[in-house]
Amino acid sequence: MEHKKKSVYLDNNATTPADPRVIEKMLPYFHETSANPSSIHGAGRRARDAVEEAREKLSRLVHCRTDETYFTSGGTESDNMGIKGAAFAQSERTKIITSAIEHHAVLTTCDYMKKHGYEIVKAPVDEYGIVDLNFLSRAVDDKTLLVSIMHANNEVGTIEPLKDIGEIAHRHGAIFHSDAVQTVGKIPIDMDALQVDMLSLSGHKFYGPKGVGALVVRRGTRFDPLHHGGHHERNKRAGTENVPGIVGLGAACEISMTEMNTEEKSIRELRDSLWIGINKEIGEVQLNGHPENRLAGTLNISVKYIEGESMLLNLDMHGIYASSGSACTSGSLEASHVLLAMGVPHDLAHGSLRFSMGRFNTKRDIDHVIEVFPGIVKKLRAISPLCKN
Amino acid sequence: MEHKKKSVYLDNNATTPADPRVIEKMLPYFHETSANPSSIHGAGRRARDAVEEAREKLSRLVHCRTDETYFTSGGTESDNMGIKGAAFAQSERTKIITSAIEHHAVLTTCDYMKKHGYEIVKAPVDEYGIVDLNFLSRAVDDKTLLVSIMHANNEVGTIEPLKDIGEIAHRHGAIFHSDAVQTVGKIPIDMDALQVDMLSLSGHKFYGPKGVGALVVRRGTRFDPLHHGGHHERNKRAGTENVPGIVGLGAACEISMTEMNTEEKSIRELRDSLWIGINKEIGEVQLNGHPENRLAGTLNISVKYIEGESMLLNLDMHGIYASSGSACTSGSLEASHVLLAMGVPHDLAHGSLRFSMGRFNTKRDIDHVIEVFPGIVKKLRAISPLCKN
Amino acid sequence: MQYSEKVMDHFMNPRNVGEIENADGIGTCGNPVCGDLMTFYLRIEPRIEDPNKACISEIRFKTFGCGAAIAVASMASEMVKGKTLSEVTAMSRDDVANELDGLPPIKMHCSNIGVQAIQEAVKDYLKKIGRDDLAGKIKGCPDKKH
Amino acid sequence: MQYSEKVMDHFMNPRNVGEIENADGIGTCGNPVCGDLMTFYLRIEPRIEDPNKACISEIRFKTFGCGAAIAVASMASEMVKGKTLSEVTAMSRDDVANELDGLPPIKMHCSNIGVQAIQEAVKDYLKKIGRDDLAGKIKGCPDKKH
Ligand SMILES: Cc1ncc(COP(=O)(O)O)c(C=O)c1O
Ligand SMILES: Cc1ncc(COP(=O)(O)O)c(C=O)c1O
């Protein structure tokens, strides 16, 4: 979202602008109704009520009980809290299984667990980014404490078969954690049906505020806290509740509940028309991710012979905001670990571009990209030594 | 802060209402200028600039370098990150020294470290809540990795002699961490002068938003991250930056910088007039905390023969919002560990009440309390079996 | 932690507050160290042949304690007025809590202290009339310090 | 990560893009696997008695790479035009980065590749004119794969 005229924000997988309706709901809790929900006075009780109302909205969205929700500061904290918490709450099992295409919040946490003596196994994925279930079946055993596989990948949008994975995990009594940061609020989630024991989510990925998220943990799943301190969140997550943030998260859940279906359809239409337009205007482009089974708003492509950042910067000059690989890694030099795990060659991985559409995009945004993007590709290909025409 | 007429918020140590000027600064970053600061496009760069500007304001307030600041989700996370981070980043030293009157964010974290094999020593305090420096001098040794002593206590407001404590810690090469959640923005802080290596702070305690805080770590002090994931905050604190929250924290820092001195004086006047008024109207009341060396806004008293919660609830019926002991423990049955550590007898600890004044209080608020409170005490003493008159 | 309306009503307007001079039975439970202390004073309609059938004709109390403690004392005093001693002896903390439309879990012990203090007063009465046999059967306050 | 205005200018409007037919020297450095590849084409004013004093009269380049890579190639091409071969050989990555008003630390390697690719082209020229002795003294591209 941008001041300049004609700016087009197509980086909704990195973060979504908060919905104005969400902001409106949060506003009173900054000043007028500001209090600590732990305080027993009237102002405190109103803050407590607001937190609990948001909790109900969240639990309706992901189909869980209210006492299974724990508010956090975002997806990364939720991932850390779930993985470390599950591991440190027990001592018999020592193996953690994850995938090669997880977000860094999961992968780096697993690296850390490895230093603490846990065995980490990363399941491979196929060319579309779907986790190898046969591999998982063989890898999960009675030493496995946790299987952590994301619900949908943030770079390519591919949606994983959680139900099947959950069954494999539970066959051996392992806990199944899923990083659902990219799916909550975008596609229906039913913890029971998906067989998920722990679910991470983040407000700013579905039009809620930044700095707030949740870990949902099904009853009976043991875990240690990550933040120690006061008695907040049933002794599992200490720290004064971020009341406006939690209220905003709740409001985002409520809006998603009612608008998810129609929104999914219209976003998918935008995305498909962008892909069709690009394909028509530009040769030698490939789609990354599963052709059908992926998030409606995600379009990840590789443009042959040219590099991603140079496309991004050119788009940026036209007020078009996209991303090349994960937002979190765009400051790095390495090609996306997700694309490489899917078998995309290095040069095409370097030449990848992610357009991610959201609630506030319009057909005009797409038209603008289709107008501008082919010229950029042409210009960059003209100076590319790999391009021989 | 409250809708009802004549409500009087005197629980500013539990949380402060965000300053309207802070909220105004935050607002654009929820939607219009929403982006992920890790994104390289124009919107991302504007978000990045906003974060770095806030960092500068923070570092001016506590006198540190910008690259010594790490934004977190609040005071509790900062305490956890500092204590666990310092301990886990090394393996030679095994002793942590703290005080008996720390916030639960520190004490519970220390309990957790104890389970991990660290030796925890809690320094006692005198009747005013000042940490025993002689004890500290004897306790700190070459096995001591960390000394963690708060800057000011949240319940009684007593301010600790950080400089002396820092010198004792450094004599043996220990790291000095201070939970300054109650002082940042209220009294001047100079990390160097105070000899502090790690400093925790929280936005919502000085008119910034909830859900954002910081750990300030002086260069050369090693620590491990608490949240693993992306490359945010120089690889030390992963998670998409809470841009509006960080902007709000920065704005709160800026306001405090310029208004701290005059504000401190006017708040102190309010507090002293409240204490004088109570003393005049009610017999057998005692002041808890240091008579001079304490936060300007904190008035903690014990009212003989009656219990704290019953006073609170009666005050609440009159729209007066105060607290009994720490907000975080008011749901517990135990008398304040702070008052007990100061040698306050159990019954007086149960009969304690904290009025904490802040930026938005007026003389009328104080007058209202002085009008209402004596009647409440009279009524409760009339039904107390301890009161023999 | 949220109190029911009934708790708040009894807390703000406690019934039967006070003492009874030359009470027939006096019972105390709790301890200011723990933050709760209740004393009940009973006037009892004697029934020499079967003291367990004697009725409580008047009751007063004093309480040091939290909102729940005051409300429990008030509600319990209302509940036992006119009851026989055996009825009072059979009362449980849940009876009082239910009558108050519930109490927060961490406040249930207040309800306990209330019931035990009244039973302590009954015990006191029975001892005073020389019926230590009957008094011995009443639990009362566990250690006089709750 | 923020680029300077100069970087953005050279990136958006790169100078000397293209190829030179029958170039006197051609040099490549980088690798698409690493995300950066540059090829420079040189036209050189010969100076038979002392080839190190020969001047670069024309330069063209092609680049696959990030914004910094393109800007570096463009800026480097401007910088070496008219320079003698020994001056070009003495150039360092910092010279180009400074001329661009700095580069983000993680992009400094682009500057390296740029300088090395040009030096590779110089080397190529020296070899072509049979001066392997001089060519051998030029570092050029470390492993032809940066
Ligand atoms: C799949 C996935 N997991 C985790 C995260 C981390 O969430 P946050 O940045 O809110 O900590 C993100 C986004 O950054 C994500 O896309
Ligand atoms: C002294 C002190 N330390 C730490 C904290 C914890 O801060 P937060 O609630 O922002 O996590 C508080 C307040 O709750 C406090 O008063």
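On a predicted model such as this, the values are computed, not experimentally measured, just so you know. Numbered from 1 within each chain, the chains take letters A, B, ... in sequence-line order. What you see below is based on every heavy atom in this structure, not just the backbone, and it leaves out hydrogens, waters and symmetry mates.
- Contact count versus chain A (heavy atoms, under 4.5 Å) is highest, among D/Val17, D/Val33, D/Thr39, for D/Val33.
- Distance alone, capped at 3.5 Å, places no donor-acceptor pair between the D/Lys62 side chain and the A/Leu386 backbone.
- Top candidate by heavy-atom pairs under 4.5 Å with chain A, chosen from D/Ala73, D/Pro14, D/Gly65, is D/Gly65.
- Contact of A/Ala382 with chain D is made through the backbone alone, with heavy-atom distances under 4.5 Å.
- Environment of OH in A/Tyr128: sparse, with no more than 12 heavy atoms of neighbouring residues, nucleotides or ligands closer than 6.0 Å.
- Summarising the geometry, atom CG belonging to A/Leu380 is positioned 5.5 Å from atom CD1 belonging to D/Ile70; distances are rounded to the nearest 0.5 Å.
- By the 6.0 Å contact criterion, CD on D/Glu21 is open, its count of non-hydrogen atoms from other residues, nucleotides or ligands being 12 or less.
- When all heavy atoms of A/His350 and D/Phe64 are compared, the pair lying nearest together is CB-CZ, 4.3 Å.
- Annotation: D/Lys6, atom NZ; neighbour count of heavy atoms from other residues, nucleotides and ligands within 6.0 Å is above 12.
- Between the side chain of A/Glu309 and the main chain of D/Gly67, a donor-acceptor pair closer than 3.5 Å is present.
- With rounding to the nearest 0.5 angstrom, the CG atom of A/Leu313 is 8.5 Å from the CE atom of D/Met12.
- Within 6.0 Å of NZ on D/Lys53 lie no more than 12 heavy atoms contributed by other residues, nucleotides or ligands.
- For a residue to count as touching a neighbouring chain, one of its non-hydrogen atoms must lie under 4.5 Å from one of that chain's; by this rule D/Ala69 does not touch chain A.
- If you take CD1 on A/Ile383 and CD on D/Glu19, they are separated by 12.0 Å, rounding to the nearest 0.5 Å.
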